[in-house]
There are 6 protein chains.
Amino acid sequence: MTNTQERYRFHLIQAFSLPETAQYKLRSMSGTKEQAMMNYQDVAHLLADTNWDLHVGALATHGDWPVETREEFMMVGVNRLPLVRQACLSKKYNGIVLLGGGDPGFAESREIGRRFGVPVTSCAHSQMHIATMLGNRFSIIDISETHNMRMHDLVIQYRFGNNCASIRNINFPLPRPPYEEGFKLQDQRDKGLRGERSDMLEAAIVESLIAIEEDGAEVLILGCSAAFWMRPLIQRRLHEAGWDVPVLEGYSSAIEHLKLLVNLNLDASSLAFPVDHPKKWRRRKFI
Amino acid sequence: MTNTQERYRFHLIQAFSLPETAQYKLRSMSGTKEQAMMNYQDVAHLLADTNWDLHVGALATHGDWPVETREEFMMVGVNRLPLVRQACLSKKYNGIVLLGGGDPGFAESREIGRRFGVPVTSCAHSQMHIATMLGNRFSIIDISETHNMRMHDLVIQYRFGNNCASIRNINFPLPRPPYEEGFKLQDQRDKGLRGERSDMLEAAIVESLIAIEEDGAEVLILGCSAAFWMRPLIQRRLHEAGWDVPVLEGYSSAIEHLKLLVNLNLDASSLAFPVDHPKKWRRRKFI
Amino acid sequence: MTNTQERYRFHLIQAFSLPETAQYKLRSMSGTKEQAMMNYQDVAHLLADTNWDLHVGALATHGDWPVETREEFMMVGVNRLPLVRQACLSKKYNGIVLLGGGDPGFAESREIGRRFGVPVTSCAHSQMHIATMLGNRFSIIDISETHNMRMHDLVIQYRFGNNCASIRNINFPLPRPPYEEGFKLQDQRDKGLRGERSDMLEAAIVESLIAIEEDGAEVLILGCSAAFWMRPLIQRRLHEAGWDVPVLEGYSSAIEHLKLLVNLNLDASSLAFPVDHPKKWRRRKFI
Amino acid sequence: MTNTQERYRFHLIQAFSLPETAQYKLRSMSGTKEQAMMNYQDVAHLLADTNWDLHVGALATHGDWPVETREEFMMVGVNRLPLVRQACLSKKYNGIVLLGGGDPGFAESREIGRRFGVPVTSCAHSQMHIATMLGNRFSIIDISETHNMRMHDLVIQYRFGNNCASIRNINFPLPRPPYEEGFKLQDQRDKGLRGERSDMLEAAIVESLIAIEEDGAEVLILGCSAAFWMRPLIQRRLHEAGWDVPVLEGYSSAIEHLKLLVNLNLDASSLAFPVDHPKKWRRRKFI
Amino acid sequence: MTNTQERYRFHLIQAFSLPETAQYKLRSMSGTKEQAMMNYQDVAHLLADTNWDLHVGALATHGDWPVETREEFMMVGVNRLPLVRQACLSKKYNGIVLLGGGDPGFAESREIGRRFGVPVTSCAHSQMHIATMLGNRFSIIDISETHNMRMHDLVIQYRFGNNCASIRNINFPLPRPPYEEGFKLQDQRDKGLRGERSDMLEAAIVESLIAIEEDGAEVLILGCSAAFWMRPLIQRRLHEAGWDVPVLEGYSSAIEHLKLLVNLNLDASSLAFPVDHPKKWRRRKFI
Amino acid sequence: MTNTQERYRFHLIQAFSLPETAQYKLRSMSGTKEQAMMNYQDVAHLLADTNWDLHVGALATHGDWPVETREEFMMVGVNRLPLVRQACLSKKYNGIVLLGGGDPGFAESREIGRRFGVPVTSCAHSQMHIATMLGNRFSIIDISETHNMRMHDLVIQYRFGNNCASIRNINFPLPRPPYEEGFKLQDQRDKGLRGERSDMLEAAIVESLIAIEEDGAEVLILGCSAAFWMRPLIQRRLHEAGWDVPVLEGYSSAIEHLKLLVNLNLDASSLAFPVDHPKKWRRRKFI
């Protein structure tokens, strides 16, 4: 254990990639791994003790815009599975992080990872688990009606229904043809990070405050990776307003969650993620 | 409404198709629609007032064996989505039935159907809804460890956790390389339907009885379409044993569920299955 | 199955009847079955393939006004049971619909029907089941404080507590001595159906919007049969406001629910509705 | 408060009465109030500080046998309501106890009592409330399949689903034509109280032990008033077996529950049991 | 039973005592037992048939101010346990009331009492149990942020999560160095009881109304013993506003709850509060 | 971040200490920190990158035996709080681990830690959180009836009721006067670690298997720190039996949980653990 660089050999896989020429893309698909990773500055210190690779994601087959609908989430989810299997087969990694907000292909990736003993974490799942370590109820600050319902599905699937105070929609949908407004998103981010007024950030602040004061949220998490950049800014603004409430985002949560699993030599229970023809099987399962 | 044949214009879509030469296939992929539909005799009377087409399913991309793992369910689910969209676009149908036990691609298909006002039903979802009309708790009689956990996922997603008494594993996995035992399944079915002793049926009877007597099930449903043939036989055997307990299977449940939706001119709530950029959006969602 | 008129032989039973001279009555107790059925125009197309009889309901013993309190619901419920038994004994019917909003005598009628293998459906029960097929949570738009609590009781008994976003009171109580205001109800209905401004309808629209925007309702159902006339009007107004949310009412829901049960040859589980001295009994029941 | 006889002026109302000549009756309908009350010896000390009357119950209209089915419970429930109202109108009483195991007419009686400020208690309801004061989960030891499902309904309606470990059936149904076996019940009671072997008591002991050891019950309650006599005997036998588990029965529970309410000047919330046309009404109710 | 003074031999134990010289104390620690008991006039009639002693509470070790934080509640809780044991050992009492709002040391005191067969009640626990006898959901009107979270903990531990509509903060924290504002509390009480305007009472009225109209509370309970004096005043004000909603406070609830237990000869289930090395043990516990 | 020894500055605090001469003690209270920590060999690799101190625990005031009852847990809990505060005040640590099985003083320690921004973890809490990352339901393998109910309390308080399949009692109580059998515990441990037959380990294996096969556990956790030594042995034995189920213990779970919090710069939400007189307060809390 003298060399922690050896301890964490992580493969980070983006949800999907778009052609560099795609009009509606939100992030760079090329350059160094640091450049290809959104908000790298926010997680650099967490990756410092980690030997990590980044895959820019399988080329999208649903179109050349980011995913928001259930159908799109399923399509990029399926496309990501071969990458997960390859990473496991390569034996280069002892953990995989699925980047992206709505966890496309996560349950299926865990099933694959289970066969190799390789833990897999993902942004919404890790945020929800960590949020319940900190307070009784969390709210999800999220970007659009369709994305909200994806998050809704995940809260149900991950069984955090009793812990979720609300999902709050700031209504800044992802870029998508034929809508021009989607382009606002990057603009909003740039302004926000430069310290200028960002309507998107302001909307997130408003919904965060209502989540705390009305819905009973004691922790906030962010739904879409295109909103993760706001984490430190929301945190600071809430603090200035007198609310000492943790705000999480997905990348850091998934990375640290993975380290915990690697250190404890855990991935998932074979009973929850069985292989076909397991040595032992149960006659009865409860919900 | 004088002609009920006009009332129901249904498209039935199999979960996937395998090459006719596939060693591990469980059903015919060719012939008439009646021949291509497993256990047609059990639903013929329900389709009699219906104008229906059958699609044998998209050619499987996961391998040439039936689906059982989460990964396989996701892959065939994605492959089915274009067929759903085409059916909607064709304007030939006022309802779509997704055949197959574990509902691959169901939520995504409903999302597509919603945009066209076309209701979509699926075998597990319909069975669970109908089961709760009949009794307080249902058990799922199901075939294998991996398939059980798919059903488990669906119970959670469909929010029937409080109504599900148990999932019972009879341990007759689907055929899959390199296992020879999977071939038992068809053999078991043939024997059972001929009135000979079928170990699979006997296992299902045993688990059904325990589900009733131990787990508190008041209704039974069947998990995998490869087990649907047992419905009338289990029903009769339970009746002979003195238990007057409804036993459901997926095809009949999904077909009649769809008729109900068509007659009431319903498909799904736009709030549960929103389109992108909807006219109205909600600031807050609860779980 | 060539003659669907033979398929559905339904007996529709009103909740109660009042003397034709009753000052506080809301509907006609005489005339043809079509005249005696409120809002017949809304369900005529659903009854077209059905061979149906209507019973105007047992003469009320609680007074000559419509039911609203728990006591009144119990009294008309008991009075309806002999009609259900007679209908079953007559062997003329393969299904019974209990008309009326608060389901008086429903569980008891199902128990009777179970002994004859005759399915029984009722307006609140069917609406709640269908609502959960369409969205995650429903709200009940309802007429008065006492009626609200009857609906509240039903949500609990039918175990839809997790699916009910709220019960919303538009505060248009049923006519009852010595209150004059109850007479408004019919007036409001007439105005509403003529396309004039109806305060009752306006109140229902307001509460529907709040149910959607504040309470998280994704489907709306109507509590009292005296409010069922508003279904198409609320639906249209919500649509005009940009909300594509299903609105249900009781008669159509109960009729189509019954068809589903008849087609699948189902009524209820004997374990949920046991006969006395059943052949088999369970040592243990769970909740 | 010097005279506690003045403090408690209670009216105890039996669930129903049968003609003295009824072949299937379980208790005397005549004699002194002490004679007409089953197991008076078990509650005499609790009534000693109480000024109490007993009504033998309205004459049964369902038949001349005890109630067990949902239909019968509803019929005797309705018959009891006028007695409740008369008791309230008489102003002689400051509390009403509904005797009998399955609480027929309880919710409706509370509604009536609420209008007069007179608290009403009932045997199952009081037992469940007191049971949850003592331990985390209770089981119901009960007599027959149909009666079990009545108790099941009550657990749901009273919202004790999370506290009910199980309902256990000892299968000693009430007397009812044409069954001879029902006559066993009185015989079993006589034997049990005389200290002879009673199969009914032995069955109750067996189910009580399983409820504790298998189902997780920490308190036991009794379902049917025809089983209340077993309370001290079960208690003693469990104690002898080393289990120090409280066993409740209905009469004592309902009487002491009522004293608590009288002393605190409470009956029920008007929001849970509203009158028609209340001064204030709520726009929204939650479940 | 001729002498009810003999029936109830109660020991009432305050949560803690402060030195008479303590600047931040809220109540007298000396004088007669009637003087040492806050709001004695509100419970005098309930104690009239009771032979009771009062212990002013163990001298506080956390500081010379009232308790509000979790740490302080734990410290006074531990200090109270020897008093509970002494009271049991003295054999003078057949019941113990733990005075004070947040139930410090309650579960542990019940464990001690169980060994002696002596029931123990406490203010929050008794209020919650009684509240659910009266309506579906209660709200807690409480004084400060930290105290609110103590009440939150208790709602969870007592398993009333489904019955608690909300905890409402009127923000009148207890006196505590270095804050001067805490002194308001006594002042507010004096004004309120004299019939003058009390900001604390006004805040409680506002929050009570919102609890009823927005949160769905059907019963109100009070969190902190320093707020118990408001019970009759809130009750009256709500009544004047047209809301007939029960308002509870802790002392009367705990006293009457204890009488019920004494009369039924109950304290707690040994399975919920086991002794070490019990005669019988369970292999399995459920939650 | 070049020196991870600087990253983690942890203070580990035992639940309590007993005099070295105590007859009933289970572990050494002196020697090096490695010697004073039970099963150090199981966590040595996790502490290797950590700069850690160990406090042997406050001297027990309840007696000279290990804690098992609720009262004892409360007493040692209170005694630990000053140690937590001192550790925070010293500014030497960025995280605190509370050693010991039943989490004495955990919520209160978090409250203290929150004021200093120092995260605190504890053995049961961390195990439950990590267990739910791995599977749907966990069982707790635990040592005695009283300790079981402490674990039961914790499951409720931490809100893992829906995730806890069962608590299983292997019935090896801690040493306690006057019982001799408690001495078995150390003997059982020694035998088990030497690879000889240990009845305690065998009992744990049996209960683990039943938890998996009957109760539906998908992950196992250990209740008492005196059972933590069995973790690798149970894990191996289950694996040999064909069950690939994660088994957790408290020390490793709490240590890695703490690292995650430190890395993410998190401790707890101020809304869940408020300070007195916070800058902002909420009018309403939900459960």
Side-chain angles (χ1 to χ4, degrees), chain A residues 68-71 73-75 77-79 81 85 105 107-112 140 142 144-146 148-149 151-153 155-157 159-162 164-171 173-174 176 179 181 207 210-211 214-215 271-278 280-287, chain B residues 68-71 73-75 77-79 81 85 105 107-112 140 142 144-146 148-149 151-153 155-157 159-162 164-171 173-174 176 179 181 207 210-211 214-215 271-278 280-287:
Chain A
E68 243 179 352
T69 67
R70 284 178 174 96
E71 182 185 9
F73 271 107
M74 194 181 208
M75 292 179 76
V78 157
N79 293 339
L81 303 185
R85 178 168 280 105
E108 295 76 12
S109 296
R110 291 185 82 188
E111 183 187 67
I112 295 169
I140 306 175
D142 193 41
S144 72
E145 205 59 16
T146 42
N148 283 190
M149 292 315 288
M151 297 312 294
H152 185 281
D153 285 358
V155 173
I156 302 291
Q157 287 170 36
R159 309 184 78 160
F160 284 108
N162 288 334
C164 181
S166 61
I167 302 169
R168 290 238 154 234
N169 185 4
I170 61 173
N171 210 34
L174 297 174
R176 162 186 300 273
Y179 305 98
E181 69 186 279
E207 297 305 319
I210 303 180
E214 298 281 318
D215 303 344
L271 300 180
F273 294 90
V275 297
D276 58 88
H277 296 74
K280 296 284 279 187
W281 53 277
R282 295 179 287 171
R283 285 178 70 179
R284 175 164 67 172
K285 280 102 195 164
F286 296 116
I287 301 302
Chain B
E68 243 180 352
T69 66
R70 284 179 173 95
E71 182 185 9
F73 271 107
M74 194 181 208
M75 291 178 77
V78 157
N79 293 337
L81 303 184
R85 178 169 280 103
E108 295 76 11
S109 296
R110 292 185 82 188
E111 183 188 68
I112 294 169
I140 306 176
D142 194 41
S144 72
E145 206 58 17
T146 42
N148 284 190
M149 293 315 289
M151 298 312 294
H152 185 281
D153 285 358
V155 173
I156 302 292
Q157 287 170 34
R159 308 183 80 160
F160 284 108
N162 287 334
C164 181
S166 60
I167 301 169
R168 288 238 155 233
N169 184 3
I170 61 173
N171 211 34
L174 296 174
R176 161 187 301 272
Y179 304 98
E181 69 186 278
E207 297 305 320
I210 302 180
E214 298 281 318
D215 303 344
L271 299 180
F273 293 91
V275 297
D276 58 89
H277 296 74
K280 296 284 278 189
W281 53 276
R282 295 179 288 171
R283 285 178 70 178
R284 176 163 68 171
K285 281 102 193 163
F286 295 115
I287 301 302

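Each chain gets a letter, A, B and so on, in the order the sequences are listed, and its residues count up from 1.
- Interface remark: of the candidates B:Arg159, B:Met149, B:Arg283, B:Arg283 forms the most heavy-atom pairs closer than 4.5 Å to chain A.
- A distance of 12.0 Å separates CZ in A:Phe160 from CD1 in B:Ile287, rounded to the nearest 0.5 Å.
- No other option in B:Arg110, B:Arg85, B:Glu68 has as many heavy-atom pairs under 4.5 Å with chain A as B:Arg85.
- For the side-chain hydrogen bond (donor to acceptor under 3.5 Å, both in side chains) with A:Glu145, the lone residue among B:Lys285, B:His277, B:Lys280 that qualifies is B:Lys285.
- Taking the side chain to side chain contact (heavy atoms under 4.5 Å, CB included) definition, one finds that A:Asp215 meets it with A:Ser139, A:Ala165, A:Ser166, A:Arg168, A:Ala211, B:Arg284, sequence neighbours left out.
- Only the side chain of B:Glu111 has a heavy atom closer than 4.5 Å to any heavy atom of chain A.
- For chain B, the nearby parts of A:Met74 are the backbone and the side chain; heavy atoms of each come within less than 4.5 Å.
- The shortest distance between side-chain heavy atoms of B:Val275 and A:Thr146 does not fall below 4.5 Å.
- Contact annotation for A:Glu207: only side-chain heavy atoms (C-beta onward) come within less than 4.5 Å of a heavy atom of chain B.
- For B:Arg282, the parts lying under 4.5 angstrom from a heavy atom of chain A are both the backbone and the side chain.
- With chain B as the partner, the residue from A:Ser109, A:Ala107, A:Ala272 showing the most heavy-atom pairs under 4.5 Å is A:Ala272.
- Contacts of A:Val78 with chain B are made by both backbone and side-chain atoms, with heavy-atom separations under 4.5 Å.
- Each of A:Pro274, A:Gly161, A:Gly105 has some count of heavy-atom pairs under 4.5 Å with chain B, and the biggest count is that of A:Pro274.
- In this structure, chain A has a heavy atom under 4.5 Å from the side chain of B:Leu81, while its backbone stays farther away.
- Taking NE2 of B:His152 as the reference point, atom CD1 of B:Ile167 lies at 5.5 Å (rounded to 0.5 Å).
- At a 4.5 Å heavy-atom cutoff, the contact between A:Phe273 and chain B is made by backbone and side-chain atoms alike.
- In this structure, the portions of A:Gln157 lying under 4.5 Å from any heavy atom of chain B include both its backbone and its side chain.
- For the side-chain hydrogen bond (donor to acceptor under 3.5 Å, both in side chains) test, residues two or more places apart in sequence or in another chain that qualify with B:Asp142 are B:His147, B:Asn148.
- With a 4.5 angstrom heavy-atom cutoff, B:Ile112 touches chain A only via side-chain atoms.
- Between the OH atom in A:Tyr179 and the CG atom in A:Leu174 there is a gap of 13.0 Å [rounded to 0.5 Å].
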